[in-house]
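Structure first, commentary second.
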Protein chains: 2
Amino acid sequence: MYAQAVSATPARIDPSRLAIGRGLERQTTTSLMAISSLQKKGPGETLFAEGDEADSVYEIVLGTVRLYKLLPDGRRLITGFLSAGKLLGLAPEGVCIYTAEAVTNVTLCRYKRTALERLMDEAPGFAKRLLSVASHELRAAQDQMLLLGRKTAAEKVASFLLMMAEGQGEEDADELDVPMTRNDIADYLGLTIETVCRVLSKLKQDKLIACESKSHIRICDRDRLEELASGETDTDL
Amino acid sequence: MYAQAVSATPARIDPSRLAIGRGLERQTTTSLMAISSLQKKGPGETLFAEGDEADSVYEIVLGTVRLYKLLPDGRRLITGFLSAGKLLGLAPEGVCIYTAEAVTNVTLCRYKRTALERLMDEAPGFAKRLLSVASHELRAAQDQMLLLGRKTAAEKVASFLLMMAEGQGEEDADELDVPMTRNDIADYLGLTIETVCRVLSKLKQDKLIACESKSHIRICDRDRLEELASGETDTDL
DNA sequence: CGCAAACTTGATGTTGCTCAAGCTAGGTGG
DNA sequence: CCACCTAGCTTGAGCAACATCAAGTTTGCG
C-alpha cells in the first residue's frame, strides 16, 4: 500500500468529451465545465475513504480506480474497478460508503455535489442521465452478487477476465491489460491470492489463456472461457 | 414453486401515501396517481422474469417480494427481499435483469415506465427522487457484496437477522417475522439450506436468538448478534 | 546488482457442501 | 375431528473446494 505522490493539477477540460454529460445539450455541458476541476493521483493514493463526507462526484478521465469496503479485522472486498469514463461517488448521501484508491496513475474530473444538485434542478435531462448511470451500476452490482454468492473459483476468474476484456479495447479485444495486483483480483472475487494464481495457472495450462507478462493476458479460447464464466460447465477444473 | 392464483384487482389508491412520491409536490403525486394501477399476487407468483421487457416500475404496498438471478445449471442467488414501500424495476433498461416473485400475498402499485419518463421531464424533483432511491439500492447492493464475498456463514446469518429486524417494526423490534423459507435465506446469503439451519441452531443454542416458530424469531442478545454480524468476532462458531 | 514486493507452487487444514435420514407442521379429505 | 400427506426443516457423516501456512521464484526499481 505505498502512495506515490503526484501533484494535483487544477485545470479545466472540455466536458462535452466527458461521460457525465453524454447525450445532454450544449448548455448543460457548458455548465458542467464551469463546476469541474481536474485532479491527478498516483498508484495507491486515496481519492476518498469510507466514512468521509461525500461532497463530490468524480469522473475518471484516465487510469483505473478500485473501490473497496473493509471488515473490522481487515478482510477487504473490492466492489468494483473503474476505468476511463466511469463515474464514482454518485451513490453516497452524506457519507462515503466505500474507499476509492488509484490503482494506476489516474486523472480525474471532480464535480461539487452541491453544484450538481443545482444543475439537476435546472437542466431537465441531467438527473435522468445520472439515474441511468446509477441503474447501470446497480445492474453490475447484481451480476457481481451472483458471481460472489454462487460461482466457483474458476468461474469467477473466467468472468473477471472477460469483464476486463470488455472494458478494454474498442472491439472485443482478446489482449488485455490487468493493471491491478493478484491481491486486488482476489479481493474483488472473494477469493485468496493463492486461489487466483492457481486458477490462472490452470487456465494457462488448458490453453484458454496465455500470459505475455504478469499484467498482460491473451485470451486464446474465448468460447470455452465464456462457457466457463457463465457456469455451463459440468466437470472442469 | 407453487403459484396460488389471486385475481388481479385493478384499482386506484392515493399515491401521496406511497413511497415513490415521498417528498414531492402535490401536483406530482396527483400525476403519479393518474398513471398507477393496483395489482395483487399470491405466494410464488411471478411479477416479471429475467429477460422480460422492462416496461413497468412497481411499488410494494403490502407483502414481501424476492428478486433473483439464475445460472444455467439452476444455481440461484436472491439479490434482495423487498417489503412495503420499496420500489422495483427501476434499474433495468430494456430488459429485466432478474426475476421478481411474490413470497407472501403481495399488493403492488404499478407504473408504466413511459409515463414515469414523461413525469421525470415535467416534475423537476421526480428524477432526483428516483436517483435517490437507486442510490440507496446501490448502497445495499455493496453491503451485500461484502457479505457474500467476505463474511463467514455465521456472520451472514447474523447480518440477515439484523437486517430483517430493521425492516420490520417501527422501532428496533427484537421480534421478527421471517416470511421466506430457509431455502430463500440460503440463496440470499450464498449458502446451502443445511448451513443456514445449522447456524440458526447454534445461535439458538448460544442464546443469541429464540425461535418461537419456524417463521418467528426473537433476538435475545442483540449486542452479541451485532458483534457477530459486523465481523468483530475472533473465535466463535 | 541487490532488494522488496509481487507472484507461484506445494502441503496441510477447515469451512461449508453433499448426501442421507428422520422430523415437524399445516392443510386436506375421509 | 383426526389421520395422513407433503413441503419444509433439522441433524449427522463424510467430502471437496478453497483457505492457510510455508517455501521458493520472478520482476521491477533504485
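Just so you know, these numbers come straight off a predicted model, no measurement behind them. Computation of the quantities below employed the complete heavy-atom set of this structure, encompassing side-chain atoms and omitting hydrogens, waters and symmetry-equivalent molecules. The chains referred to below are lettered A, B, ... by the order of the sequence lines, with proteins before strands, and numbering in each begins at 1.
For A:Cys197, counting side-chain heavy atoms from C-beta on, the closest listed nucleotide (D:dC18, C:dT8, D:dT10) is C:dT8.
One atom, NZ of A:Lys204, and another, C1' of C:dT8, lie 8 Å apart when rounded to the nearest Å. Across the protein-nucleic acid pair, B:Leu189 atom CG and C:dG16 atom P stand 12 Å apart, rounded to whole Å. Atom-to-atom, CG of B:Asp184 to C1' of D:dC9 comes out at 13 Å; the value is rounded to the nearest Å. Here C:dG10 presents its P atom at 16 Å from CD1 of A:Ile193, a figure rounded to the nearest Å. C:dC7 atom P lies 8 Å from atom NZ of A:Lys214, rounded to whole Å. As rounded to whole Å, 9 Å separates atom P of C:dT8 from atom CD1 of A:Ile185. Distance A:Leu148 CG to D:dC18 C1': 15 Å, rounded to the nearest Å. Whole-Å rounding puts the A:Leu203 CG to C:dC7 P distance at 16 Å.
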Look for any protein N or O under 3.5 Å of an N or O in nucleotides 19-25 of chain D and output each such pair with its distance, or none.
{"residue": "D:dA19", "atom": "OP2", "partner": "A:Thr192", "partner atom": "N", "Å": "3.3"}
{"residue": "D:dA19", "atom": "OP2", "partner": "A:Thr192", "partner atom": "OG1", "Å": "3.1"}
{"residue": "D:dA19", "atom": "OP2", "partner": "A:Thr195", "partner atom": "OG1", "Å": "2.4"}
{"residue": "D:dT20", "atom": "O4", "partner": "A:Arg198", "partner atom": "NH2", "Å": "2.8"}
{"residue": "D:dC21", "atom": "N4", "partner": "A:Glu194", "partner atom": "OE2", "Å": "2.9"}

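Defined by atom type and a distance below 3.5 Å, a donor-acceptor pair is present between the side-chain atoms of A:Arg110 and A:Ser56.
Among residues two or more places apart in sequence or in another chain, the side chain to side chain donor-acceptor pair (under 3.5 Å) test is passed with B:Thr195 by B:Thr192.
Of the candidates B:Leu47, B:Val61, B:Leu38, B:Leu47 is the only one forming a side chain to side chain contact (heavy atoms under 4.5 Å, CB included) with B:Leu108.
Residue contacts for A:Ser201: at a heavy-atom cut-off of 4.0 Å it reaches the sugar-phosphate backbone alone, with no base atom in range. Counting any heavy atom pair closer than 4.0 Å across all strands shown, A:Thr152 reaches sugar-phosphate atoms only and no base atom.
For the pair B:Lys151 and B:Ser213, both in contact range of DNA chain C, the more 5′-proximal nearest nucleotide belongs to B:Lys151.
The side-chain heavy atoms of B:Thr79 and B:Tyr68, taken from C-beta on, include no pair separated by under 4.5 Å.
Salt-bridge annotation for A:Lys207 and A:Asp221: absent, with no side-chain N of the basic residue lying under 4.0 Å from a carboxylate O of the acidic one.
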For side-chain contact (heavy atoms from CB on, under 4.5 Å), just list the numbers for B:Ile185 and B:Lys156, CA-CA rounded to whole Å, side-chain angles, deciding distance to a tenth of an Å, and then say yes or no.
-> CA-CA 10 Å; B:Ile185 299 172; B:Lys156 286 176 175 182; over 6 Å; no
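Residues B:Thr104 and B:Gly63 share a closest heavy-atom pair of OG1-CA, 3.3 Å.
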